[in-house]
Amino acid sequence: MKTLRKLGLYFFFPAALITFSIAIFSCSKDKDDNDSQAYVCATCNDTPDALPANDSSIKGVYKGIVVGSTGTLSVNIQNGSDTITATMVLDGVSVLLTSNVSVVEGQTYIAPFTGIYNGNPISITFSVGLGGQTPTVVTSDIPGHPNAVFEIYKETSTSLIEAFQGTYSKTGETGVFNIVLSRALSRWGGVAKENGGTETNEVEGTIVSGNQLLNENGTHIADINGDVISGSFTDSNQDVVTVQGNRTL
């Protein structure tokens with residue numbers, strides 16, 4: 001079962017967000033001997049997978065992040081076919097999840113997705129409202145990851161969803177910090193967890209000028225440059241926090 005404690009950024013995130021470490025789980029990095037070339041996620045799509053017919057439907061594509069440990073999740077509900085599947089990448093290991101619960105028109109959708117991860121059976125329960133609203137992983141049973149937390153967005157034919165994995169760091173503290181975003185909707189959300197800790201925390205914000213991530217209080221957290229997020233800011237405790245991360249979905 002996942003646990004989640006959502007705190008206001010004014011109290012937590014300016015003091016705890018954020019250094020993305022370079023993640024390589026589903027992407028590759030092209031570089032020369034001087035590391036002069038920018039990171040590019042070779043397996044990430046530049047256009048949405050979601051079909052126009054599913055833009056206002058429960059059917060379609062949902063993408064997001066996992067924290068506890070770290071990874072991504074992509075859910076496909078009859079997007080151009082009758083199949084209902086999900087792909088979760090957790091700590092670099094990819095696992096296919098399946099569900100046999102069909103979509104019923106006029107009803108919300110909630111279904112268990114099951115698979116095998118590192119030789120063990122796992123499951124997540126995915127829920128989404130009419131029109132594809134409020135997609136949520138309401139429970140998860142993943143051995144070794146008892147408190148996994150998910151942040152999921154619905155992708156549409158005009159709004160590509162991207163996921164970035166990494167870590168945060170400040171003086172005396174480090175942890176996981178992953179975000180999911182839509183540049184088309186100028187929206188982003190994230191989940192952070194201190195290394196060695198048990199609590200997870202949510203954050204959300206806006207994207208302005210096409211590439212600047214602002215948190216709920218308007219603090220400029222970082223910039224997006226292609227498949228890379230980077231930047232630094234001073235939090236409310238006057239600690240300098242640096243951000244760097246790579247897209248993995």
Side-chain angles (χ1 to χ4, degrees), residues 1-2 23-29 41-51 53-54 57-104 108-129 132 134-157 159-166 176 178-182 189 191 193 200 227 246-249:
M1 178 76 68
K2 75 172 186 178
I24 60 173
F25 302 110
S26 62
C27 302
S28 65
K29 180 178 181 181
C41 179
T43 59
C44 296
N45 290 345
D46 293 326
T47 57
D49 294 306
L51 299 176
N54 297 324
S57 171
I58 285 175
K59 297 178 182 179
V61 175
Y62 302 83
K63 296 177 181 178
I65 52 171
V66 187
V67 170
S69 187
T70 183
T72 61
L73 179 70
S74 178
V75 179
N76 184 313
I77 300 178
Q78 296 179 330
N79 187 61
S81 71
D82 292 329
T83 61
I84 300 176
T85 62
T87 300
M88 183 173 65
V89 179
L90 191 59
D91 291 343
V93 178
S94 180
V95 56
L96 177 66
L97 305 173
T98 59
S99 178
N100 58 8
V101 177
S102 299
V103 175
V104 177
T108 59
Y109 184 79
I110 183 167
F113 285 72
T114 59
I116 301 296
Y117 173 70
N118 287 338
N120 297 308
I122 65 171
S123 69
I124 65 171
T125 300
F126 180 75
S127 172
V128 60
T134 60
T136 308
V137 174
V138 293
T139 63
S140 66
D141 184 4
I142 308 171
H145 306 270
N147 298 312
V149 174
F150 301 76
E151 182 79 10
I152 310 295
Y153 285 1
K154 179 178 173 63
E155 185 171 272
T156 70
S157 61
S159 176
L160 175 69
I161 301 302
E162 304 171 57
F164 292 73
Q165 291 178 248
V176 172
N178 296 341
I179 74 167
V180 56
L181 62 82
S182 166
V191 180
K193 181 180 180 182
T200 52
D227 291 341
N246 292 344
R247 184 182 171 199
T248 59
L249 177 64

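The shown structure was predicted, so the numbers you read here are calculated from the model rather than taken from an experiment.
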Answer yes or no: is there a donor N or O on one side and an acceptor on the other, between the side chain of Glu155 and the main chain of Val61, under 3.5 Å?
no
Applying salt bridge (charged side-chain N to carboxylate O under 4.0 Å, His left out) as the test, list every pair that has at least one member in residues 119-128; sequence neighbours left out.
none
CG of Asp141 to OG1 of Thr125: how many Å apart, nearest 0.5 Å?
9.0 Å
Rounded to the nearest 0.5 Å, the CD1 atom of Ile142 sits from the CG atom of Asn147 at a distance of 10.5 Å
Partners meeting side-chain contact (heavy atoms from CB on, under 4.5 Å) with Ile116 (sequence neighbours left out)
Pro121
Heavy atoms only: give me the nearest Pro48-Ser157 pair and the separation to one decimal.
CG-O, 3.6 Å
Check Ile58 against Lys154 and note the closest heavy-atom contact, atom names and distance.
O-NZ, 4.4 Å
For Val101 versus Ala111, what's the shortest heavy-atom pair and its separation?
CB-CB, 3.5 Å
Distance from Leu160 atom CG to Thr47 atom OG1, nearest 0.5 Å?
7.0 Å
Keeping the roles fixed (side chain from Asn120, backbone from Pro143), state whether a donor-acceptor pair exists under 3.5 Å.
no
Test Phe164 against every option in Val180, Leu249, Asn246, Ile179 by the side chain to side chain contact (heavy atoms under 4.5 Å, CB included) rule and name the one that passes.
Ile179
Apply ring pair (Phe, Tyr, Trp, His ring centres under 6.0 Å) to Tyr117 and list each qualifying residue two or more places apart in sequence or on a separate chain.
His145
According to side chain to side chain donor-acceptor pair (under 3.5 Å), who are the partners of Thr156, at least two apart in sequence or on a separate chain?
Thr158
Which pairs of donor and acceptor atoms, one on a side chain in residues 74-86, lie under 3.5 Å apart (sequence neighbours left out)?
residue	atom	partner	partner atom	Å
Asn76	OD1	Asn79	N	3.1
Asn79	OD1	Leu51	N	3.2
Asn79	OD1	Asn54	ND2	3.0
Asn79	ND2	Asp49	O	3.0
Ser81	OG	Thr83	N	3.3
Ser81	OG	Thr83	OG1	2.8

What heavy-atom pair brings Tyr153 and Ile161 nearest, and what distance separates the two atoms?
CB-CD1, 3.8 Å
If you look at every heavy atom in Val66 and Ala148, which pair is closest and at what distance?
CG1-CB, 4.2 Å
Return the set of residues passing salt bridge (charged side-chain N to carboxylate O under 4.0 Å, His left out) with Glu162 (not counting sequence neighbours), or none when no residue passes.
Arg183, Arg247
Run Ile65 and Val191 through side chain to side chain contact (heavy atoms under 4.5 Å, CB included) and show every step you take.
CA-CA 8 Å; Ile65 52 171; Val191 180; 4.2 Å; yes
Separation of Ile122 CD1 from Leu90 CG (nearest 0.5 Å):
7.5 Å
Would you give the length of the straight line joining atom CG of Asp91 to atom OG of Ser69, rounded to the nearest 0.5 angstrom?
3.5 Å
How close do Ile124 and Ser140 get, heavy atom to heavy atom, and via which atoms?
CG2-CB, 3.9 Å
For Ser127, all residues meeting side chain to side chain donor-acceptor pair (under 3.5 Å), sequence neighbours excluded
none
Going by the rule side-chain contact (heavy atoms from CB on, under 4.5 Å), which residues pair with Lys193 if we only count those two or more places apart in sequence or in a different chain?
Val67, Thr200
With sequence neighbours left out, what residues match Ser102 under side-chain contact (heavy atoms from CB on, under 4.5 Å)?
none
Residue set satisfying ring pair (Phe, Tyr, Trp, His ring centres under 6.0 Å) with Phe126, at least two apart, ordered chain then number -> Tyr62
By side chain to side chain donor-acceptor pair (under 3.5 Å), Ser57 pairs with (sequence neighbours left out) none
Check whether any side-chain N or O of Ser99 sits under 3.5 Å from a backbone N or O of Pro112 as a donor-acceptor pair, and report yes or no.
yes
Qualifying residue for side-chain hydrogen bond (donor to acceptor under 3.5 Å, both in side chains) with Asn178, from Thr72, Thr248, Thr70:
Thr70
For Thr87, which residues count as a side-chain contact (heavy atoms from CB on, under 4.5 Å) partner, sequence neighbours excluded?
Ser94, Leu96
